[in-house]
2 protein chains.
Amino acid sequence: MGMEKPRTRIQKKNRETILEAALEVFSQHGFRGATLDMIAGAAGLSKPNLLYYFPSKEAIHVTLLSGLMDTWLAPLREMDTGGDPMEELRGYVRRKLQMSRDFPRESRLFANEIVQGAPRMQEGLETELKALVDEKAELIRGWIAQGRIADVDPHHLIFSIWALTQHYADFDAQVRAVLGEGRDPLTEAEGFLDTLFTRLLAP
Amino acid sequence: MGMEKPRTRIQKKNRETILEAALEVFSQHGFRGATLDMIAGAAGLSKPNLLYYFPSKEAIHVTLLSGLMDTWLAPLREMDTGGDPMEELRGYVRRKLQMSRDFPRESRLFANEIVQGAPRMQEGLETELKALVDEKAELIRGWIAQGRIADVDPHHLIFSIWALTQHYADFDAQVRAVLGEGRDPLTEAEGFLDTLFTRLLAP
DNA sequence: CGTGTCCTTGACCGGATGGTCAAAAATGAA
DNA sequence: TTCATTTTTGACCATCCGGTCAAGGACACG
């Protein structure tokens, strides 16, 4: 029954199908609000079949969350000492916003989890995430010391990037309700956020 | 059992007790994750007793949401033509951040609802909220036309204030995990956000 | 074809959960 | 104190839901 690594073609395909369906359902209803029947329906499989590939509902959820963590942190990982600090930071903002556009379900999955106190992610946040953020905060502190960007708290700078970019995925319903039809929130946000961070960080 | 307006002292007190308990439970577990037993337990009442004061679980939830809408919009309502535009906007940011400190449960209640597509708030968002935001956006547009603050999209400016302030309540678990012990996120945010919006809006 | 393994599912189980109800307890006006 | 009204609750119900299981199919390989 140990099925950590898919062995056959069928296993690989069905596990992927299930995770895709689960992402859809969990991101829309949260862990508690999602049911195995919903996921099974979305995946086009029977409920016992789901439980043939995953030991429990929680296992599906955990697999999704941990599998997504890397994807989610990738844009931040890419930011490094390479080029112009201002360009690095604006690039990070752009990539993060692009993720809100391309992967809104993933964003809402995390949001659901964290709003409810991150019961299944505490460890990942305090180790992997904290380590990466602390590392990049140090990098930013260096840029500030060199006078290449303005002096702001690096941790809160990173928080502000998360808050502003993820807002457009997580609170999409609100953003669209307020803007009304015929406006493209994400495209508008791109320009707005570029301006915002340019002005904030100009030395 | 029409009980829209509490008639007796007992009714008033118990309805308040129930709503307070429900806020605690719903904000922590979401609508689906909360159970009547949890709410009853938190309220110190029996489950059938809850249903004596409210017709259903959903009715409790809806009562909470609509009752909170006004509180939630109050800080934005206060922003008007009165004083210096920059001071008005910074004041709004300060008040909104204060709400994240004072009413994190209310913030998470809304967040839970909106992340899941605002199934029980659509109307409120598209009417009451949109109207208020459009009105204030017009006000901001006026300030921009007068050259008293920088030229930024008013709607996205308001979104950015929401995103940045509510982030500290809604994603508290993440913020604290990353910052580690011994830092006070909300106090640090106050200075950071003041700087951010001052630089963004300087004419 | 034969056979052992992998995959799929209808039927079922037990506990949780939203909600009901009848009757008991508390309250309050006369 | 009386008694009608309001409040409270133990017991109960129907449904939902995560999970099990045994048996039936599909598949690969000789």
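What you see below is based on every heavy atom in this structure, not just the backbone, and it leaves out hydrogens, waters and symmetry mates. So that the names make sense, note that chain A is the first sequence line, chain B the second, and so on, each numbered from 1. Quantities reported herein were computed from a predicted structural model and do not represent experimental measurements.
Considering only residues two or more places apart in sequence or on other chains, Arg199(B) meets the side chain to side chain donor-acceptor pair (under 3.5 Å) condition with none of them. Under the side chain to side chain donor-acceptor pair (under 3.5 Å) criterion, Glu20(B) pairs with Arg105(B), not counting sequence neighbours. The side chain to side chain donor-acceptor pair (under 3.5 Å) test applied to Gln98(A) returns Asp102(A), not counting sequence neighbours. Judged as a ring-ring contact (aromatic ring centres under 6.0 Å, His included), and not counting sequence neighbours, Phe103(B) has no contacts. Residues forming a side chain to side chain donor-acceptor pair (under 3.5 Å) with His156(B) (at least two apart in sequence, or on another chain): Tyr168(A), Glu188(A). Shown here are the ring-ring contact (aromatic ring centres under 6.0 Å, His included) partners of Trp143(B), two or more places apart in sequence or in another chain: there are none. For Phe26(B), the ring-ring contact (aromatic ring centres under 6.0 Å, His included) partners at least two apart in sequence or on another chain are Phe31(B), His61(B). When the ring-ring contact (aromatic ring centres under 6.0 Å, His included) test is applied to Tyr92(B), no partner is found at least two apart in sequence or on another chain.
With rounding to whole Å, Leu51(B) atom CG is found 14 Å from dC12(D) atom C1'. Here the P atom of nucleotide dT9(C) and the CD1 atom of Ile18(A) are 11 Å apart, to the nearest Å. The separation between Lys13(B) atom NZ and dA26(C) atom P is 14 Å, rounded to whole Å. The CZ-P distance, from Arg15(A) to dT8(C), rounds to 14 Å in whole Å. As rounded to whole Å, 12 Å separates atom C1' of dT9(D) from atom CG of Leu50(B). Atom-to-atom, CD1 of Ile10(A) to C1' of dT8(C) comes out at 10 Å; the value is rounded to the nearest Å.
Note on Tyr53(A): a side-chain N or O is less than 4.0 Å away from OP1 or OP2 of dT8(C). One finds a side-chain N or O of Tyr52(B) lying less than 4.0 angstrom from the OP1 or OP2 phosphate oxygen of dT7(D). Residue Asn14(A) has a polar side-chain atom (N or O) positioned under 4.0 Å from OP1 or OP2 of dT8(C). Contact annotation: Gln11(B) side-chain N/O to dT6(D) OP1/OP2 distance is not under 4.0 Å.
By the 4.5 Å heavy-atom criterion applied to side chains, Met79(A) and Lys136(A) are counted as neighbours.
Closest approach to the Thr35(B) side chain among dT17(C), dG19(C), dT6(D) is made by dT17(C) (side chain taken as heavy atoms from C-beta onward). Comparing dT9(D), dC6(C), dT8(C) by their nearest atom to the side chain of Asn49(A) picks out dT8(C).
Taking 4.0 Å as the cut-off between side-chain N and carboxylate O, Arg94(A) and Glu87(A) count as a salt-bridged pair. Ionic pairing of Glu138(B) and Arg141(B) is present here: one or more N-O contacts between side-chain nitrogen and carboxylate oxygen are shorter than 4.0 angstrom.
Computed from C1' positions of five pairs at each end, the angle between the two local axes of the helix from dC1(C)-dG30(D) to dA30(C)-dT1(D) equals 10°, rounded to 10 degrees.
Within residues 39-48 of chain B, the residues having any heavy atom closer than 4.0 Å to DNA chain D are, in order of number, Ser46(B), Pro48(B). Contact check of residues 19-32 of chain A against DNA chain D (heavy atom, cut-off under 4.0 Å) returns no residues at all.
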Acceptor/donor pairs from residues 120-130 of chain B side chains to any protein atom, 3.5 angstrom cut, sequence neighbours excluded:
from: Arg120(B); atom 1: NH1; to: Glu58(B); atom 2: OE1; distance (Å): 3.2
from: Arg120(B); atom 1: NH1; to: Glu58(B); atom 2: OE2; distance (Å): 2.8
from: Thr127(B); atom 1: OG1; to: Glu123(B); atom 2: O; distance (Å): 2.9
from: Lys130(B); atom 1: NZ; to: Val178(A); atom 2: O; distance (Å): 3.2
from: Lys130(B); atom 1: NZ; to: Asp134(B); atom 2: OD2; distance (Å): 2.8

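Using a 4.0 Å heavy-atom criterion, one finds that Leu36(B) contacts the sugar-phosphate atoms exclusively. Using a 4.0 Å heavy-atom distance criterion, Ala34(A) is classed as a sugar-phosphate-only contact.
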